[in-house]
Visitor: 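Below you'll find the structure I mean.
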Number of protein chains: 2
Amino acid sequence: MNTKDKILESGLKLFSKKGYLGATTREIAKDAGIAEITLFRHFPSKEKLFEAVINIHSFLPALKGLLPEIAGFSYEEGLKVIAKRFLDSLAERKDLVRIMHSEIHRYNEKIHKIYHSIINETLKTLASYFADMQKKGTVRNFDTELGARAFLGMFFSYFDAENFMMLRKYKRTDTDTVIKEFVAIFIKGTV
Amino acid sequence: MNTKDKILESGLKLFSKKGYLGATTREIAKDAGIAEITLFRHFPSKEKLFEAVINIHSFLPALKGLLPEIAGFSYEEGLKVIAKRFLDSLAERKDLVRIMHSEIHRYNEKIHKIYHSIINETLKTLASYFADMQKKGTVRNFDTELGARAFLGMFFSYFDAENFMMLRKYKRTDTDTVIKEFVAIFIKGTV
DNA sequence: AACGTGTGTAAGTAATAACTAACATAACCT
DNA sequence: AGGTTATGTTAGTTATTACTTACACACGTT
């Protein structure tokens with residue numbers, strides 16, 4: 001791995017562990033196994049490094065291409081797949097989600113934009129799925145965007161509690177149970 | 001208001017706005033309208049002040065005595081009241097919730113306790129309400145604690161987005177709509 | 001061999017932060 | 001009146017941190 005990537009990796013690690021102010025450039029450099037000045041030769045400032053860390057892990061929502069994939073599934077199976085994919089996606093980007101969650105209100109528009117694009121795109125994907133289901137007559141009439149928020153909200157909140165609040169009442173192995181129960185509630189609530 | 005309270009108030013305000021590291025003692029003192037050294041005369045260190053701020057606002061949620069209150073209500077009305085009360089409760093403690101979200105990793109134990117007291121008590125209240133409803137035959141059989149998490153998760157996530165992520169797609173005045181829609185989904189999903 | 005590029009080491013600067021020392025003032029209690 | 005208490009003012013100290021300067025080493029290319 002080249003120097004720049006090492007710095008980015010250590011940046012992600014330490015920013016997510018200690019926050020933007022808590023992580024020092026010295027520490028990041030040390031963790032990356034390079035000299036501090038080398039960090040500044042690659043990134044003009046700590047802030048630019050932070051941005052780079054965020055941007056480099058900014059991903060296209062994995063759920064976007066999901067609609068065609070689940071087109072043949074039943075409503076229940078479709079929702080289960082979406083829920084699972086959503087939780088997996090969050091878990092993969094756990095560190096990033098944590099940074100954004102904790103730094104978002106004191107850090108400027110760039111983070112906002114990225115966060116928006118992640119959440120909004122997911123919401124829209126889901127809302128359009130619901131709209132399709134309404135056209136087909138599978139589900140009743142309801143505000144599709146609110147429905148999407150309700151659905152993802154259940155799972156995001158679960159993820160949040162599980163990973164950050166350490167409310168480990170239900171262990172990781174029970175994720176499938178959670179998905180099943182939440183999806184069941186939602187399905188009966190919308191059909 | 002006496003000096004100590006002024007310091008605590010400014011502490012809450014600035015810690016929640018800028019985080020523990022981001023808020024300086026000078027700034028807190030200035031905001032409280034006192035000399036910096038007076039702050040240190042009341043609190044031996046910044047960390048002790050932070051603890052005091054957290055502890056002073058740590059209180060039991062108002063939802064505990066809610067069950068008897070909604071005993072005569074319909075299932076739908078009961079859930080609406082609980083949702084509203086939960087959202088109001090979060091809104092009242094907005095600053096504290098924000099602190100907990102951003103500083104939870106640095107200060108595990110204390111923040112944990114508070115978080116637990118707010119969320120857990122609400123969860124239990126709700127779960128026991130569901131259990132009652134199951135006994136009465138109003139709702140179907142489902143895991144009451146998971147149901148409570150699903151229900152509150154929808155609203156917590158909504159609150160989170162509304163207040164911290166600034167996903168202001170729905171304005172504050174629409175809260176009633178959100179409650180109505182979420183409750184409708186949940187009711188149909190559990191009856 | 002000469003040069004550019006990427007890196008390291010060592011030392012340092014400037015700003016800021018937590019926290020302190022010393023002394024003054026004003027209010028209140030006995 | 002005298003003493004205690006809570007506060008202010010001013011000017012520190014000490015530690016840390018983002019960021020820099022200056023120089024040297026190693027490597028590959030020409």
Side-chain angles (χ1 to χ4, degrees), chain A residues 1-57 95 98-100 102-111, chain B residues 1-56 95 98-99 102-111:
Chain A
M1 188 156 47
N2 69 29
T3 305
K4 196 157 196 158
D5 289 340
K6 281 193 285 186
I7 297 170
L8 287 167
E9 197 186 36
S10 297
L12 173 65
K13 177 175 156 190
L14 291 171
F15 282 139
S16 70
K17 190 152 67 185
K18 308 189 158 196
Y20 177 74
L21 290 171
T24 72
T25 52
R26 217 181 301 261
E27 206 177 6
I28 293 167
K30 192 179 170 191
D31 186 273
I34 54 125
E36 189 182 7
I37 199 176
T38 299
L39 185 156
F40 285 103
R41 289 201 265 244
H42 283 276
F43 304 94
S45 68
K46 185 187 184 184
E47 188 168 334
K48 290 286 180 192
L49 168 61
F50 185 66
E51 276 182 41
V53 167
I54 296 269
N55 283 326
I56 221 118
H57 289 89
D95 286 340
R98 182 193 286 169
I99 298 179
M100 293 193 304
S102 60
E103 303 285 340
I104 194 161
H105 61 275
R106 67 183 72 110
Y107 244 71
N108 28 15
E109 300 117 33
K110 274 153 199 155
I111 302 180
Chain B
M1 189 155 50
N2 68 31
T3 304
K4 196 157 197 159
D5 289 341
K6 280 193 286 185
I7 297 171
L8 287 167
E9 195 186 39
S10 297
L12 173 65
K13 176 176 157 190
L14 291 171
F15 283 139
S16 75
K17 191 152 67 186
K18 308 189 157 196
Y20 177 74
L21 290 170
T24 71
T25 51
R26 213 180 302 258
E27 205 177 6
I28 293 168
K30 193 180 170 190
D31 186 272
I34 54 126
E36 190 180 7
I37 200 175
T38 299
L39 185 155
F40 285 102
R41 284 182 181 126
H42 284 276
F43 304 95
S45 68
K46 184 187 183 183
E47 189 165 340
K48 289 286 179 193
L49 168 61
F50 183 69
E51 282 177 22
V53 167
I54 296 273
N55 286 328
I56 220 119
D95 287 339
R98 184 186 282 173
I99 292 179
S102 56
E103 304 293 340
I104 194 156
H105 291 105
R106 225 180 310 282
Y107 292 91
N108 274 352
E109 329 80 39
K110 270 148 203 155
I111 296 183

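Just so we're on the same page: letters track the sequence lines, and every chain starts at 1. Below, all heavy atoms of this structure are taken into account, side chains as well, without hydrogens, waters or symmetry copies.
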Visitor: Report the distance from atom CG of L12(A) to atom CZ of F50(A), rounding to the nearest 0.5 Å.
Guide: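 Rounded to the nearest 0.5 Å, the CG-CZ separation comes out at 10.0 Å.
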Visitor: Do you know the tightest heavy-atom contact between A23(A) and L14(A)?
Guide: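 Distance-wise, the nearest heavy atoms are CB-O, 3.7 Å.
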Visitor: Please report the distance, rounded to the nearest Å, between NZ in K46(A) and P in dT16(D).
Guide: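 It is 15 Å, rounded to the nearest whole Å.
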Visitor: Of the non-hydrogen atoms in K46(A) and F15(A), which two are nearest, and what is the gap between them?
Guide: CE-CE2, 4.1 Å
Visitor: Report, one line per pair, each donor and acceptor closer than 3.5 Å where one atom sits in a side chain of residues 30-43 of chain A; sequence neighbours left out.
Guide:
unit_1: D31(A); atom_1: OD1; unit_2: S10(A); atom_2: OG; d: 2.7
unit_1: D31(A); atom_1: OD2; unit_2: K13(A); atom_2: NZ; d: 2.7
unit_1: E36(A); atom_1: OE2; unit_2: T25(A); atom_2: OG1; d: 2.8

Visitor: Do any N or O atoms of the protein come closer than 3.5 Å to N or O atoms of nucleotides 3-5 of chain D, and which pairs are they?
Guide:
none

Visitor: Quick one: L14(A) CG to dT17(D) P, roughly how many Å, whole number?
Guide: 13 Å
Visitor: Going by the rule side-chain contact (heavy atoms from CB on, under 4.5 Å), which residues pair with E9(A) if we only count those two or more places apart in sequence or in a different chain?
Guide: M1(A)
Visitor: How many Å lie between CD1 on I7(A) and P on dA18(D), as a whole number?
Guide: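 It is 14 Å, rounded to the nearest whole Å.
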Visitor: Rounded to the nearest angstrom, tell me the gap between atom CZ in R41(A) and atom C1' in dA24(D).
Guide: 11 Å
Visitor: Are any non-hydrogen side-chain atoms of L49(B) and L8(B) less than 4.5 angstrom apart?
Guide: yes
Visitor: Go through DNA chain C in 5' to 3' direction and return only the first and the last nucleotide with some atom under 4.0 Å of chain B's heavy atoms.
Guide: dA17(C) to dA22(C)
Visitor: At a heavy-atom distance below 4.0 Å, what parts of residues 25-38 of chain A sit against DNA chain C?
Guide: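 By residue number: G33(A), I34(A), A35(A), I37(A), T38(A).
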